[in-house]
Amino acid sequence: MTAFTPKPEDKFTFGLWTVGNRGRDPFGSEVRESKTPAELVYLLSEVGAYGVNFHDNDLIPMDATLDEEASIKKSFRKALEETGLVVPMATTNLFFDPVFKDGAFTSNDPKVRAYALQKTMKAIDLGAEFGAKVYVFWGGREGVETDSSKNAAEAIKRMREAINFLCEYVMDQKYDLKFALEPKPNEPRADIYNPTIGHMLGFIATLDHPEMVGVNPEVAHDQMAGLNFMQGVAQAWEAGKLFHIDLNDQYPGRYDQDLRFGSRDIKAAFYLVKFLEDVKYSGSRHFDAHAYRTEDFEGVKDFARGCMRTYLMLKEKAAQFNADPEIQTILKEINAEDPALTPYFGKYSAEKAKAIKNYSFDRKTIAARGFKYERLDQLTIDLILGNR
Ligand code: GLT
Ligand code: MN
Ligand code: MN
């Protein structure tokens with residue numbers, strides 16, 4: 001039991017909007033009362049989280065007066081000081097207000113695009129004020145219902161111009177802040193631009209300051225698109241672009257469910273945790289999920305504790321996998337190099353190309369090899385189910 005107690009070094013974080021989610025959905029109203037940001041910080045501290053993230057308007061309501069803003073900040077800061085929770089990430093709400101119905105940075109209305117820049121610069125100031133080091137951009141409304149409404153290439157250009165502008169703003173203010181762009185294929189728009197990790201990585205490479213910008217992939221968003229999330233995360237990591245991660249769970253082919261981490265596809269969650277731990281990912285493990293609508297605030301705590309507990313249990317399983325002699329023997333065998341072939345790999349040379357072309361391969365013998373993946377996968381299942 002105690003082995004699965006969250007510690008600050010686990011870097012488990014939650015957004016104010018996650019534990020503060022009130023259970024509203026398109027078919028029903030709120031089922032839980034509203035809690036203040038400070039109350040949510042105490043709740044997160046009680047369950048053992050390390051940090052709390054926010055959208056500008058999770059903390060300061062859009063139409064708050066200056067006095068209200070000051071008093072909210074004061075009680076939020078007091079809660080952070082009393083609990084020791086930190087704010088590693090902040091973001092802008094560019095999706096809720098009706099003004100963003102056609103998107104923010106990609107809206108067809110230049111007034112909306114300019115307003116989105118203004119709102120984001122103010123929200124960046126707010127994030128920096130509370131010490132955020134990562135700034136997330138989730139463009140939920142940056143898309144279309146009908147492709148007749150927008151030129152898709154133009155939309156990407158608008159997005160690039162906005163991110164370039166905001167990078168310069170951050171440098172101008174001398175903030176120590178990196179951007180993490182979060183892809184999602186659809187919902188709330190019928191289609192959203194830059195829908196996957198791969199699209200986003202391609203987009204980032206075209207920016208003026210690509211070194212400042214990485215991705216914030218989310219389990220559910222890749223699973224909605226039917227993709228293998230761990231593989232996308234691995235590609236982002238390999239490119240040096242895994243700046244943040246949103247952990248939750250999701251049944252593929254459905255609306256955005258934001259389920260408790262590891263509650264649906266435990267095997268995918270295992271490979272994900274194993275990857276993050278193996279490469280020593282050092283960023284936040286942010287749970288972007290919420291409790292079932294059936295729950296009261298005790299259930300919200302069960303949800304939050306469950307996310308962290310499952311992560312830690314899977315982390316232990318990953319260590320077991322790495323120490324399991326039979327699994328490791330198979331892995332060694334199937335990954336073995338053939339020294340006779342080593343000279344043929346690596347950087348191109350005309351001689352190498354000629355040598356490979358002239359090499360005589362015994363195709364049938366090579367093809368006859370069995371890879372033992374069935375055995376390996378079953379050992380993994382045995383291990384996850386506690387039978388090793
Ligand atoms: C919203 C969305 C998430 C984003 C959040 C950050 S807001 O809950 O569903 O995926 O990460 O804007
Ligand atoms: Mn998210
Ligand atoms: Mn989501």
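Note that the structure is predicted; figures quoted are calculated from it, not measured. As the structure lists them, so they are numbered: ligands from 1, and atoms in each ligand from 1.
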Check: Got a sec, which residues hit side chain to side chain contact (heavy atoms under 4.5 Å, CB included) with Thr196, two or more places apart in sequence or on another chain?
Finding: His199, Leu227
Check: Do the side chains of Glu374 and Gln378 get nearer than 4.5 Å, heavy atoms only?
Finding: no
Notebook entry, point to check: Between Phe243 and Phe179, does a ring-ring contact (aromatic ring centres under 6.0 Å, His included) hold up when you go through it step by step?
Noted result: CA-CA 8 Å; Phe243 288 7; Phe179 289 174; 9.8 Å; no
Next item on the list: Take the angle between the ring planes of His244 and His286 and call it parallel below 30°, perpendicular above 60°, tilted in between.
Entry: tilted
Next item on the list: Say whether, by atom type as modelled, one donor and one acceptor occur between the side chain of Lys11 and the main chain of Ser282 under 3.5 angstrom.
Entry: yes
Any protein N/O atoms within less than 3.5 Å of an N/O atom in ligand 1? List the atom names and distances, or say none.
{"residue": "ligand 1", "atom": "8 (O)", "partner": "Trp17", "partner atom": "NE1", "Å": "3.3"}
{"residue": "ligand 1", "atom": "10 (O)", "partner": "Glu182", "partner atom": "OE2", "Å": "2.7"}
{"residue": "ligand 1", "atom": "10 (O)", "partner": "Glu218", "partner atom": "OE1", "Å": "2.8"}
{"residue": "ligand 1", "atom": "10 (O)", "partner": "His221", "partner atom": "NE2", "Å": "3.4"}
{"residue": "ligand 1", "atom": "10 (O)", "partner": "Asp288", "partner atom": "OD2", "Å": "3.0"}
{"residue": "ligand 1", "atom": "11 (O)", "partner": "Glu182", "partner atom": "OE1", "Å": "2.6"}
{"residue": "ligand 1", "atom": "11 (O)", "partner": "Glu182", "partner atom": "OE2", "Å": "2.8"}
{"residue": "ligand 1", "atom": "11 (O)", "partner": "Asp246", "partner atom": "OD2", "Å": "3.0"}
{"residue": "ligand 1", "atom": "11 (O)", "partner": "Asp288", "partner atom": "OD2", "Å": "2.8"}
{"residue": "ligand 1", "atom": "12 (O)", "partner": "His55", "partner atom": "NE2", "Å": "2.7"}

Checklist line | NZ or CZ of Arg254 within 45° of Tyr251 ring axis and under 6.0 Å | finding: yes
Margin query: Test of understanding: with side chain to side chain contact (heavy atoms under 4.5 Å, CB included), list the residues that count as partners of Ala162, not counting sequence neighbours.
Written below: Phe105, Leu117
Margin query: Is the positively charged end of Lys178 above the ring of Tyr135, judged by distance under 6.0 angstrom from the centroid and angle within 45° of the axis?
Written below: no
Note to self: Check for me whether Lys317 meets the cation-pi criterion with Phe270, that is, NZ or CZ under 6.0 Å from the six-membered ring centre and within 45 degrees of the ring axis.
What the structure shows: no
Margin query: Can you count the protein N/O/S atoms lying under 2.8 Å from the Mn ion (ligand 2), leaving waters out?
Written below: 4
